[in-house]
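Below is one structure, written out as structure tokens; the observations come after it.
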Amino acid sequence: MEDIPVDKLTKEEARAELARLSGVMRRAEDAYYQQDAPVMDDAAYDALKARNLAIEARFPALVRADSPSRRVGAAPASGFGKIRHAVPMLSLGNAFSDEDVVEFDARVRKFLSLEGPVHYTAEPKIDGLSLSIRYESGALVYAATRGDGEVGEDVTANARHVRGIPHRIEHAPEILEVRGEVYMEHAAFEALNARQQAAGEKPFSNPRNAAAGSLRQLDAEITATRPLAFFAYAWGALSAPLADTQKGAIERLADMGFATNPLTVLCESPKALLAQYREIERQRATLGYDIDGVVYKVNDLALQARLGMRSTTPRWAIAHKFPAETAWTRLEAIDIQVGRTGALSPVARLHPVTVGGVVVRNATLHNEDYIKGVDSKGAPIREGRDIREGDWVEVYRAGDVIPKIRDVDLSKRENPHLYAFPTRCPVCGSAAVREPGEAVARCTGAFSCAAQRLEKLKHFVSRQAFDIDGLGAKQMQAFVEWGWVADPADIFTLRARHGDALARREGWGATSARNLFAAIEARRTIPLNRLIFALGIRHVGESSAMLLARTYQSWAAFQAAMIAAQPREGAAWEELNGIDGVGEVMAASVVEFFHTASTRQMVDNLVAQLTIEDVRPPDTGGSKVAGKTVVFTGTLSRVTRAEAKAQAEGLGAKVSGSVSGKTDILVAGEKAGSKLKKAESLGVQVLSEDEWLALIAQTR
DNA sequence: GTGCCTCGAGTTCA
DNA sequence: CTCGAGGCAC
């Protein structure tokens with residue numbers, strides 16, 4: 001069967017072949033990663049991988065829960081396997097005030113163009129860690145942590161020991177991914193800490209850390225002794241809808257045997273949401289578990305679907321957070337850090353203080369204005385009070401994560417001197433320049449500044465860039481200190497120059513050195529978008545790098561165009577600046593990068609070491625409107641303007657506001673006016689709303 | 001010119 | 001996670 005070409009396989013053969021590949025590849029991965037004794041060379045493994053992917057592309061319904069394509073990379077010997085979520089796990093937008101909640105409701109109704117009230121559910125936001133659990137034919141197949149939202153850790157064995165998670169469910173859809181929060185009750189947390197202390201182990205600082213630590217035990221038997229609980233509140237992939245409403249879906253999950261939060265209620269107005277918020281706040285101390293706010297969701301699932309997503313958060317839900325816990329402490333000093341773009345960032349060194357169960361020693365001070373007590377527009381923050389070394393300051397953790405300074409106690413101030421923001425880089429001594437209208441001061445030392453150089457190199461090997469296993473910030477710093485790496489190309493000649501010496505260094509051995517060099521070799525071939533991102537061109541992040549890669553498709557074409565481009569004139573500039581999503585600032589930055597001798601040299605040296613993979617433009621699923629420029633006019637009756645736009649863009653169309661020679665399609669609703677006339681005079685194709693909806697339903 | 005929305009860049013601790 | 005800035009629609 002392994003010899004049958006993919007396009008000749010029957011469905012049954014494909015099913016069997018996927019099962020075989022999964023097993024063979026799993027054994028190869030184990031041998032390679034766990035036992036460090038490969039049974040297959042890379043080319044053979046890649047061939048299997050390609051075959052597996054091709055079969056899955058032809059028979060998407062047959063993709064196995066344990067498919068090799070879902071095993072991202074492979075499990076390190078001491079860690080967890082990775083699982084790619086079939087549907088990404090989202091984060092929620094935040095509301096901090098009553099006003100934010102009223103605005104949320106207004107946004108929802110405006111997007112849907114509804115005058116009447118929208119109904120919402122309100123439920124406590126549990127302070128634990130989110131988990132996605134997949135069931136197939138009613139059986140628990142795997143459980144994964146949120147991770148970065150796309151890829152999480154496989155904690156299946158541990159999840160089976162969590163209260164509120166059934167191992168088997170009845171009357172469930174064929175495929176069901178249940179999402180919810182794993183947490184630890186206060187009583188269980190106290191008892192666990194007492195046991196920890198009796199055993200001479202370190203106690204956990206709070207229930208959330210205890211829950212996270214317990215769920216991430218490598219030995220599931222240890223997890224079994226930790227009293228973890230679970231509330232289901234959402235779902236991912238589904239083979240059939242659970243209900244018509246959020247509330248109904250939650251009740252359905254409860255019927256299947258999942259624990260759901262008893263404080264989940266329906267609210268018919270923002271006013272009712274706020275009342276429920278107060279009610280939950282009132283009960284907070286007696287709930288027996290930690291919560292950090294209240295989550296509101298549009299109840300009608302059809303409306304949720306219409307509202308859809310923004311880039312990382314749904315439009316149909318928001319988390320109303322309780323005020324963050326704060327603590328007062330002494331600001332011992334203000335230090336300056338230098339980032340990869342040269343940005344000078346002030347950091348507050350604090351007398352250690354516990355905030356929300358975590359000891360905080362540092363807090364970001366953002367920039368010069370933040371210390372002065374004003375925002376970017378000069379409006380006062382902290383009522384204009386500035387921050388000085390030696391001050392007593394109030395610390396909180398923004399989003400329960402990033403320590404920040406909320407306020408300063410002037411009555412305890414002893415330091416008579418305003419903080420003087422440096423005018424020179426503290427690392428290299430170059431002038432630090434703050435451009436008019438900008439918030440940050442930057443070191444002008446570029447590559448000759450040791451701090452900038454190191455940060456640029458760290459960026460180069462970061463996860464979204466070259467992502468070299470075993471070469472993180474720490475290792476990079478060491479290589480730079482030893483004088484082994486000064487620019488990116490050096491990474492790829494490291495083995496030849498210092499391979500033997502590395503194996504003798506402290507903390508390194510023959511095996512770890514070999515693994516590192518293997519990882520470096522694996523990245524010698526790199527997709528164009530990753531390379532562009534890795535270069536660290538100002539204003540070009542991950543997504544702009546992808547945009548550029550998709551436009552130029554090959555390194556040769558990209559480089560030639562950038563070298564040919566002159567700032568603000570000529571065809572090459574127009575093409576670059578004309579990319580949707582690229583403006584003057586980014587375009588100028590990229591052109592300057594390629595016209596600077598030192599960076600050009602750095603790039604040439606690097607590229608000589610690499611094989612750069614072309615990038616194909618995105619697949620728009622064969623839609624008829626892909627690549628077309630569309631304009632909507634008049635009153636649409638079946639969808640709102642915003643929905644129509646989101647829909648069209650999802651299919652690869654560009655939506656514009658005005659009719660011009662570039663317009664391909666005008667969609668005219670009721671009472672279309674001047675745009676319709678203009679379109680007719682230009683000979684642009686005009687469609688009614690129904691014709692448009694019929695068109696986008698077709699695929700090529 | 002104003003007001004979204006998205007992206008880039010910088011940050012903390014376990 | 002958050003702020004500031006860039007890009008674009010209105």
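Labels below follow one simple rule: chain letters A, B, ... track the order of the sequence lines, proteins then strands, and each chain is numbered from 1. This is a predicted model, so every value here is computed, not measured.
Ring centroids of A:Phe558 and A:Phe594 are separated by less than 6.0 Å, placing the two rings close together.
Here the P atom of nucleotide B:dA9 and the CG atom of A:Leu344 are 16 Å apart, to the nearest Å. Look at CG on A:Asn206: it is 10 Å from C1' on B:dA14, rounded to the nearest Å. Remark: P of B:dC7 and CD1 of A:Ile579 are 15 Å apart, rounded to the nearest angstrom. Atom C1' of nucleotide C:dC8 and atom CG of A:Leu547 are separated by 14 Å, given to the nearest angstrom. Atom CD1 in A:Ile405 sits about 16 Å away from atom P in C:dT2, given to the nearest Å. Between A:Leu365 atom CG and C:dC3 atom P the separation is 14 Å, expressed in whole Å. Nucleotide B:dC13 holds its C1' atom 7 Å from the CZ atom of A:Arg397, rounded to whole Å. The CD atom of A:Glu325 sits 20 Å away from the P atom of B:dT12 (whole-angstrom rounding).
In terms of position on DNA chain B, the residue among A:Asn209 and A:His366 whose nearest nucleotide sits closer to the 5' end is A:His366. Summary of the strand contacts: A:Gly342 and A:Arg107 both lie near DNA chain B, and taking for each the nucleotide with the nearest heavy atom, the more 5' one is attributed to A:Arg107.
Cation-pi geometry between A:Arg453 and A:Phe447 is not met: the NZ or CZ atom fails to fall both under 6.0 Å from the ring centre and inside 45° of the normal. Cation-pi geometry between A:Arg382 and A:Tyr370 is met: the NZ or CZ atom falls under 6.0 Å from the ring centre, inside 45° of the normal.
Considering only the side chain of A:Met586, C:dG7 comes nearest among C:dC8, C:dG7, B:dT12. The listed nucleotides are B:dC13, B:dG8, B:dT11; the one nearest the side chain of A:Thr364 is B:dT11. In this structure, of B:dA9, C:dG7, C:dA5, it is B:dA9 that holds the atom nearest to the side chain of A:Arg340. Minimum atom distance to the side chain of A:Ala439 is reached by C:dA5, of the listed B:dT12, B:dA9, C:dA5. Which of B:dT11, C:dC3, B:dA9 sits closest to the side chain of A:Lys404 comes down to C:dC3.
Between A:Asn367 and C:dC3, a side-chain N or O to OP1/OP2 separation shorter than 4.0 Å is absent. Taking side-chain N and O atoms only, A:Arg361 has no distance below 4.0 Å to OP1 or OP2 of B:dC13. Regarding contacts with the backbone of B:dT11, a side-chain N or O of A:Gln337 is found under 4.0 angstrom from either OP1 or OP2. Between A:Ser543 and B:dC7, a side-chain N or O to OP1/OP2 separation shorter than 4.0 Å is present.
Remark: the A:Asp290 side chain and the A:His186 side chain contain an N/O donor-acceptor pair separated by less than 3.5 Å.
Under 4.0 Å is where a charged nitrogen must lie from a carboxylate oxygen, and between A:Asp105 and A:Arg107 no such pair does.
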ring-ring contact (aromatic ring centres under 6.0 Å, His included) evaluation trace for A:His459 with A:Phe533
CA-CA 9 Å; A:His459 168 80; A:Phe533 174 72; 4.7 Å; yes
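Within the nucleic acid shown, A:Ser544 comes within 4.0 Å of sugar-phosphate atoms alone, with no base atom in reach, counting heavy atoms only. A:Val440 comes within contact range of no nucleotide atom at all, as no heavy-atom separation falls under 4.0 Å. Contact annotation for A:Phe96: backbone-only contact, meaning every heavy-atom pair under 4.0 Å involves sugar-phosphate atoms and none involves a base.
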